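These notes concern the structure reproduced below.
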Amino acid sequence: MNLNNYLLKYYRQNKVFVFAFSFSIITYSVYLIFRGFGWDGDSFISGSQFIKIINRDLYYATVDGGAHPKFFTIILFGAIYQITGGFYWLAFISIFLNALMVGALTTWVHKEKGLWLIALFGLLINIPWTKIVINCDNTAFSLPFIALGLYFISKDKSLTGVILLTISNFF
């Protein structure tokens with residue numbers, strides 16, 4: 001089977017997911033275009049904690065006690081900053097993860113015979129949450145893993161769900 005047939009078959013079986021995922025990407029991107037990139041202190045604190053960890057001579061690699069960044073946040077934010085020189089890619093990763101979450105949740109609602117369009121718009125018109133996604137706050141990385149973990153647990157894929165829930169705890 002070639003790639004076109006596979007994609008067409010996947011689309012036919014998962015129209016709600018494809019639509020919700022695509023619409024989420026578009027919605028978050030439009031918000032990002034009009035608002036612009038912008039981060040509060042979480043990204044910078046996590047990036048600085050990464051520098052402290054990889055450079056043992058800097059403050060003896062102590063973690064900032066006032067911020068309490070999580071392990072995966074330090075690693076992800078610091079690595080992205082070291083590789084790209086900024087935090088712009090974090091916004092794209094955050095948008096992608098949250099679009100996956102919205103797609104999974106609306107598909108879940110659809111399979112349970114609910115009104116998935118209401119779920120889709122309810123998730124995407126929440127401006128405070130959209131700001132969290134665009135600002136790349138820790139919760140924008142944690143909540144998608146929680147939602148996807150619960151989704152997989154509900155579909156009797158407990159191991160995958162537990163792994164995703166554990167990953168969410170490190171953000």
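Just so you know, these numbers come straight off a predicted model, no measurement behind them.
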(message) Main chain of Phe19, side chain of Ser22: is a donor-acceptor contact present, judged purely on distance under 3.5 Å?
(response) no
(message) When you compare the side chain of Leu120 with that of Ser24, does any pair of heavy atoms fall below 4.5 Å?
(response) yes
(request) Go through Phe145 and Leu165 one step at a time and tell me if the side-chain contact (heavy atoms from CB on, under 4.5 Å) criterion holds. (result) CA-CA 6 Å; Phe145 286 106; Leu165 288 173; over 6 Å; no
(message) Does Phe96, at its CZ atom, have more than 12 non-hydrogen atoms belonging to other residues, nucleotides or ligands within less than 6.0 Å?
(response) no
(request) Tell me, yes or no, whether the heavy-atom count around Leu117 atom CG, taken from other residues, nucleotides or ligands under 6.0 Å, exceeds 12. (result) yes
(request) Compare every heavy atom of Ile132 with every heavy atom of Thr139, then report the nearest pair and how far apart it is. (result) OG1-CG2, 3.3 Å
(request) Kindly indicate, with the supporting measurements, whether the criterion side-chain contact (heavy atoms from CB on, under 4.5 Å) is fulfilled by Ile95 and Ile25. (result) CA-CA 7 Å; Ile95 287 171; Ile25 294 283; 3.9 Å; yes
(message) Nearest 0.5 Å, please: how far is CG in Leu150 from CG in Leu105?
(response) 9.0 Å
(message) Hydrophobic cluster membership, with links at side-chain heavy-atom distances under 4.5 Å among I/L/V/M/F/W/Y: are Ile134 and Ile125 in one?
(response) no
(message) Quick check: do Tyr31 and Ile127 have side-chain heavy atoms less than 4.5 Å from each other?
(response) yes
(request) Applying side-chain contact (heavy atoms from CB on, under 4.5 Å) between Phe152 and each of Leu159, Thr160, Ile163, report the one that passes. (result) Thr160
(request) Would you give the length of the straight line joining atom CD1 of Ile118 to atom CG of Leu123, rounded to the nearest 0.5 angstrom? (result) 12.0 Å
(request) Measure from the side-chain N and O atoms of Asn98 to the backbone N and O of Pro144, and report whether any donor-acceptor pair falls under 3.5 Å. (result) no
(request) Indicate yes or no: at least one non-hydrogen side-chain atom of Leu164 is less than 4.5 angstrom from one of Ile146. (result) no
(request) Could you label the plane-to-plane angle of the Phe17 and Phe21 rings as parallel, tilted or perpendicular, counting under 30° as parallel and over 60° as perpendicular? (result) parallel
(message) Lys157 vs Ile153, test: side-chain contact (heavy atoms from CB on, under 4.5 Å). Steps then yes/no.
(response) CA-CA 5 Å; Lys157 296 180 181 177; Ile153 287 172; over 6 Å; no
(request) Look at the side chain of Ser94 and the backbone N and O of Ala91, then say whether any donor-acceptor pair between them is shorter than 3.5 Å. (result) no
(message) What verdict does the side-chain contact (heavy atoms from CB on, under 4.5 Å) test give for Leu124 and Trp129, after you've listed the backbone C-alpha separation in whole Å, the side-chain angles of each residue and the deciding distance to 0.1 Å?
(response) CA-CA 8 Å; Leu124 293 178; Trp129 179 253; over 6 Å; no
(message) Nearest 0.5 angstrom please: Ser154 OG to Glu112 CD, how far?
(response) 7.0 Å
(request) Flag the pair Tyr28 / Phe92 as yes when their ring centroid distance falls below 6.0 Å, and as no otherwise. (result) no
(message) Quick check: closest heavy atoms across Ala140 and Val133, and the distance to 0.1 Å?
(response) CB-CA, 3.8 Å
(message) Please give me the minimum heavy-atom distance between Leu148 and Met101, naming the atom from each residue.
(response) CD2-CA, 4.4 Å
(request) Taking all non-hydrogen atoms of both residues into account, name the closest pair between Thr106 and Trp116 and its distance. (result) O-CB, 3.4 Å
(message) For the CG atom of Asn14 and the NE2 atom of His110, what is their distance to the nearest 0.5 Å?
(response) 9.5 Å
(request) Tell me, yes or no, whether the heavy-atom count around Lys155 atom NZ, taken from other residues, nucleotides or ligands under 6.0 Å, exceeds 12. (result) yes
(message) Are Val16 and Leu115 linked, directly or through intermediate hydrophobic residues, by side-chain heavy-atom contacts shorter than 4.5 Å (ILVMFWY only)?
(response) no
(message) Show the nearest heavy-atom pair for residues Phe141 and Leu90, with the distance to one decimal.
(response) CZ-O, 3.7 Å
